[in-house]
Amino acid sequence: MDAKVRVRFAPSPTGGLHLGGVRTVLFNYLFAKHNNGEFILRIEDTDQSRFVSGAEQYILDTLAWCGLSPDESPVHGGAYGPYRQSERKADYKKYADQLIAQGNAYYAFDTPSDLEAKRAEIPNFQYSRAHRMEMKNSISLSAEEVEALLKNNTPHVVRIKMPENEEVVFEDIIRGEVCFDASTVDDKVLLKADGMPTYHLAVVVDDHLMKITHAFRGEEWLPSAPVHILLWKYLFGLDQMPKWAHLPLILKPDGHGKLSKRDGERLGFPVFAMDWTDPITKETTIGFKEKGFLPEAFINLLALLGWNDGTDKEIFTMEELIANFSLDRVHKGGAKFDYEKAKWFNQEWIKIMDNEKLSQLVQPYFDQAAIEIHEHDYLVKIIGLVKERCHLLPDFITQSAFFFKAPTTIDTASIAPKWEVKKQQFFEALVGIYTDHISAGKQTIPAIELEAHFKELATLHELKPGELMLPFRIMLVGGKFGPGVFEIVEAIELKDTCNRIQYCLQLLSTN
RNA sequence: GGCCGGUUCGACUAUCGGUUAGGUCGCCAGGUUUUCAUCCUGGAAAGACGGGUUCGACUCCCGUACCGGCUACCA
């Protein structure tokens with residue numbers, strides 16, 4: 001029996017989490033849960049120069065919003081901690097030393113400016129076999145020189161010594177066999193001058209120490225895979241290595257290339273899961289959450305970007321995704337992100353979501369718009385009435401504000417041209433009838449009855465109901481939109497209806 | 001430039017040698033809604049190219065083109 005499935009998502013805390021990142025988490029999570037395995041969050045904070053405060057908390061918050069809770073993480077704890085690479089520094093040094101002792105790695109004393117000069121001098125410079133001997137390192141230098149340099153604490157890095165004439169072959173779960181000629185890859189830095197590991201060393205050491213069985217990451221990592229394979233071979237043995245899967249990229253909707261933060265700003269849609277505010281510039285980049293997406297929809301649309309279950313089914317709950325997810329149905333090619341389809345997913349989720357639950361999500365938007373909700377049950381009812389008209393959560397404001405307070409702008413221009421005295425009289429009579437009902441103690445009347453009364457009265461005034469409906473609607477909601485007029489009347493009740501009619505009649509007579 | 005990966009309607013995709021190449025988003029037209037949305041019906045719309053293999057290729061092989069990724073003491 002195989003060891004328990006363990007996967008990890010290992011982001012760098014450098015800023016907001018974008019679509020591609022969240023999808024990588026999702027596939028990790030789905031795979032883990034489908035196989036009764038564990039999902040680990042590991043923070044790759046080895047680059048001090050790129051560290052951004054608040055980014056780790058942001059990642060945690062994002063995972064929580066998405067419903068992708070880790071089994072182990074810096075805050076959830078676990079038996080394989082610490083889960084921040086900056087806190088595991090000693091481990092990496094140990095393995096770097098081992099590699100040097102085995103002859104698989106070496107010290108390099110070249111300064112950043114040395115390297116810069118070399119790159120300027122030689123086009124397409126690679127720190128590899130071709131130029132190794134021209135550089136300052138423990139292969140080109142004598143043992144005495146190296147020892148002296150080390151003794152003086154000369155800043156240095158540790159580089160992997162890529163082998164000659166070796167083919168690195170490995171099996172990628174979604175791509176099949178991938179093959180590299182090791183000599184075409186340069187001698188990557190493993191341990192930096194500040195003692196921190198680079199990604200290459202850290203990922204291998206930590207995946208081993210944390211007993212990771214399956215390693216999933218974006219396709220951009222494929223070219224450095226041979227380095228990692230070799231490190232596994234030198235350090236822990238290939239039989240211990242996790243299975244790899246390089247996920248396809250999420251591309252720009254227009255043009256070409258990897259989707260970036262800039263594309264969202266340019267094209268007017270979010271690329272981050274949640275709002276991200278840069279702690280230094282204070283600049284906020286909008287997220288799917290704040291744009292008004294439901295987490296269920298966000299997860300759903302991400303899952304279908306590069307994966308499907310082989311049927312025509314497109315709407316999936318998290319449980320269904322877990323039950324049906326399989327890596328062999330993940331696409332090889334990158335997928336262009338389509339915001340229109342993303343909104344469609346959200347609309348579908350709004351339609352099927354429970355009204356009570358929606359009301360809680362929508363409440364903050366009403367608060368923000370300074371629309372007071374006096375009765376919660378009323379809000380729930382209204383949500384049911386307008387939900388199929390909403391793509392994003394803020395749409396509930398535009399679609400239903402008039403249920404809570406009279407519209408401030410009235411599209412009288414759409415009534416005025418065909419307005420006539422007969423209609424004026426009709427509405428005055430209607431107000432009279434409603435007023436009688438109010439006097440009789442009725443606050444509202446069922447929509448069907450309202451409609452019947454309305455038609456009767458229209459006939460009495462020798463008018464067709466059809467030419468009265470639009471003006472009536474505009475009087476009530478301010479424009480040409482919204483649910484059925486009589487449902488609106490029933491909801492806002494007779495008194496308010498009369499007020500709105502009278503206000504509008506006044507508006508029309510002064511014009 | 002080098003290395004690696006990818007390529008079916010505008011977009012997301014189904015197809016695992018034999019189909020009128022299917023679905024969804026979007027778009028267009030019609031119906032329902034006496035508004036808008038929903039909903040229903042219909043429509044336009046695709047195998048990058050060239051060679052093989054095969055009775056037969058979108059599917060397998062080779063080449064070309066195009067697109068992308070990587071080529072940092074960043075991940």
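Residue numbers begin at 1 in each chain, while the letters A, B, ... track the order of the sequences. Computed from heavy atoms alone, side chains included, the values below leave out hydrogens, waters and symmetry copies.
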> For the pair made of NZ in A:Lys332 and C1' in B:rC4, what is the distance, rounded to whole Å?
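Atom-to-atom, A:Lys332 to B:rC4, this comes out as 15 Å.
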
> Could you tell me how the ring of A:Tyr199 sits relative to the ring of A:His228: parallel (under 30°), tilted (30 to 60°) or perpendicular (over 60°)?
perpendicular

> Using Watson-Crick or G-U wobble geometry with both distances under 3.5 Å, which nucleotide pairs with B:rU20?
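By the stated definition (distances under 3.5 Å), nothing pairs with B:rU20.
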
> If you measure from the P atom in B:rU15 to the same atom in B:rC28, how many Å do you get, rounded?
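Approximately 31 Å lies between the P atom of B:rU15 and that of B:rC28.
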
> Measure from CD1 on A:Ile315 to C1' on B:rG23 and round the result to the nearest Å.
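Result: 13 Å.
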
> Any chance you could measure A:Ile352, atom CD1, to A:Lys387, atom NZ, to the nearest 0.5 Å?
9.0 Å

> Which part of the nucleic acid does A:Cys179 contact within heavy-atom distance under 4.0 Å: base, sugar-phosphate only, or nothing?
sugar-phosphate

> Contact class for A:Gln347 (heavy atom, under 4.0 Å): base, sugar-phosphate, or nothing?
sugar-phosphate

> If we call it a pair only when both distances are under 3.5 Å in a Watson-Crick or G-U wobble match, what pairs with B:rG68?
B:rC4

> Taking the six-membered ring for Trp, are A:Phe454 and A:Phe426 ring centroids under 6.0 Å apart?
yes

> Counting primed atoms plus P, OP1 and OP2 as sugar-phosphate and everything else as base, spell out the protein contacts along nucleotides 70-75 of chain B at 4.0 Å heavy-atom distance: B, S or - for each nucleotide, 5' to 3'.
SS-BBB

> How far, in whole Å, is B:rU35 from B:rA45 if one measures between their C1' atoms?
32 Å

> Counting the atoms with a prime plus P, OP1 and OP2 as sugar-phosphate, which does A:Phe345 contact under 4.0 Å by heavy atoms, base, sugar-phosphate, or nothing?
nothing

> How many whole angstroms separate atom CD of A:Glu348 from atom P of B:rG23?
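It works out to 17 Å between those atoms.
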
> Parallel, tilted or perpendicular: which describes the rings of A:Phe269 and A:Tyr339, with under 30° parallel and over 60° perpendicular?
parallel

> Using the P atom as the reference point in each nucleotide, state the distance between B:rG10 and B:rU71 in Å, no decimals.
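Their P atoms lie roughly 33 Å apart.
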
> Measure the distance from CG on A:Asp172 to C1' on B:rG69 and round it to the nearest whole Å.
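Going from A:Asp172 (CG) to B:rG69 (C1'), I get 14 Å.
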
> Considering only atom P, compute the distance from B:rC40 to B:rC4 and round it to an integer number of Å.
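Nearest-Å result for B:rC40 against B:rC4 at atom P: 50 Å.
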
> P atom, B:rC3 versus B:rU64: distance in rounded Å?
12 Å

> Between A:Asp496 and A:Arg500, is there a side-chain N and carboxylate O pair less than 4.0 Å apart?
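Yes, charged N to carboxylate O under 4.0 Å.
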
> Rounding to an integer number of angstrom, what distance separates B:rG69 and B:rA29 when you compare their C1' atoms?
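To the nearest whole Å, 43 Å.
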
> Any N or O donor-acceptor pair under 3.5 Å from the base of B:rU35 to the side chain of A:Arg473?
yes

> For B:rC9 versus B:rC58, give the span between their C1' atoms, rounded off to a whole number of Å.
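The same atom, C1', in both gives a distance of 14 Å.
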
> Base, sugar-phosphate, or nothing: which does A:Lys351 touch, judged by heavy atoms less than 4.0 Å apart?
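Result for A:Lys351 = sugar-phosphate.
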
> If you measure from the C1' atom in B:rA44 to the same atom in B:rC25, how many Å do you get, rounded?
16 Å

> Across all strands, who's sitting opposite B:rG10 as a Watson-Crick or G-U wobble pair, both distances under 3.5 Å?
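Check on B:rG10: paired to B:rC25, both distances under 3.5 Å.
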
> With the side chain counted from C-beta on, respond yes when A:Met241 and A:Lys233 share a heavy-atom pair under 4.5 Å apart, and no when they do not.
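No, every pair of side-chain atoms sits at 4.5 Å or beyond.
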
> Closest nucleotide of RNA chain B for A:Lys464 versus for A:Val178: which of these residues is on the 5' side?
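Whichever sits nearer the 5' end wins; that is A:Val178.
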
> Before we go on, tell me: are the rings of A:Tyr106 and A:His156 under 6.0 Å apart, centre to centre?
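A:Tyr106 vs A:His156: aromatic centres not under 6.0 Å.
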
> Identify every side-chain donor-acceptor pair in residues 122-129 of chain A under 3.5 Å, counting partners at least two apart or on other chains, and give the distances.
from: A:Gln126; atom 1: NE2; to: A:Thr184; atom 2: O; distance (Å): 3.1
from: A:Tyr127; atom 1: OH; to: A:Asp110; atom 2: OD2; distance (Å): 2.6
from: A:Tyr127; atom 1: OH; to: A:Asn137; atom 2: ND2; distance (Å): 3.0

> Could you identify the nucleotide paired to B:rG63, looking across every strand shown and requiring Watson-Crick or G-U wobble geometry with both distances under 3.5 Å?
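Pair assignment: B:rG63 / B:rC49.
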
> May I ask you to check whether A:Phe27 and A:Phe216 place their ring centers less than 6.0 Å from one another?
no

> At under 4.0 Å between heavy atoms, how does the protein contact nucleotides 10-16 of chain B? Give one character per nucleotide, 5' to 3', with B, S or -.
-SSSSS-

> The side chain of A:Pro465 is closest to which nucleotide in this list: B:rG26, B:rU34, B:rC4?
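Looking only at side-chain atoms, A:Pro465 lies closest to B:rU34.
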
> CG of A:Leu222 versus C1' of B:rG5: gap in Å, rounded?
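After rounding, the reported distance stands at 6 Å.
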
> Are A:Lys351 and A:Glu348 close enough for a salt bridge, meaning some N to O gap below 4.0 Å?
yes

> With a 4.0 Å cut-off on heavy atoms, is A:Pro248 in touch with a base, just the backbone sugar-phosphate, or nothing at all?
nothing

> Please state how far atom CZ in A:Phe481 lies from atom C1' in B:rC36, giving the value in whole angstrom units.
9 Å

> Within the 3.5 Å criterion, strictly below it, is a donor on A:Glu456 or A:His453 matched to an acceptor on the partner's side chain?
no

> If we call it a pair only when both distances are under 3.5 Å in a Watson-Crick or G-U wobble match, what pairs with B:rU33?
none

> Report the distance from atom CD of A:Glu167 to atom C1' of B:rC4, rounded to the nearest whole Å.
13 Å

> Please report, rounded to the nearest Å, how far the P atom of B:rG6 is from the CD atom of A:Glu177.
13 Å

> Compare all side-chain heavy atoms of A:Leu385 with those of A:Phe403 and state whether any distance is below 4.5 angstrom.
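Side-chain contact under 4.5 Å: yes.
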
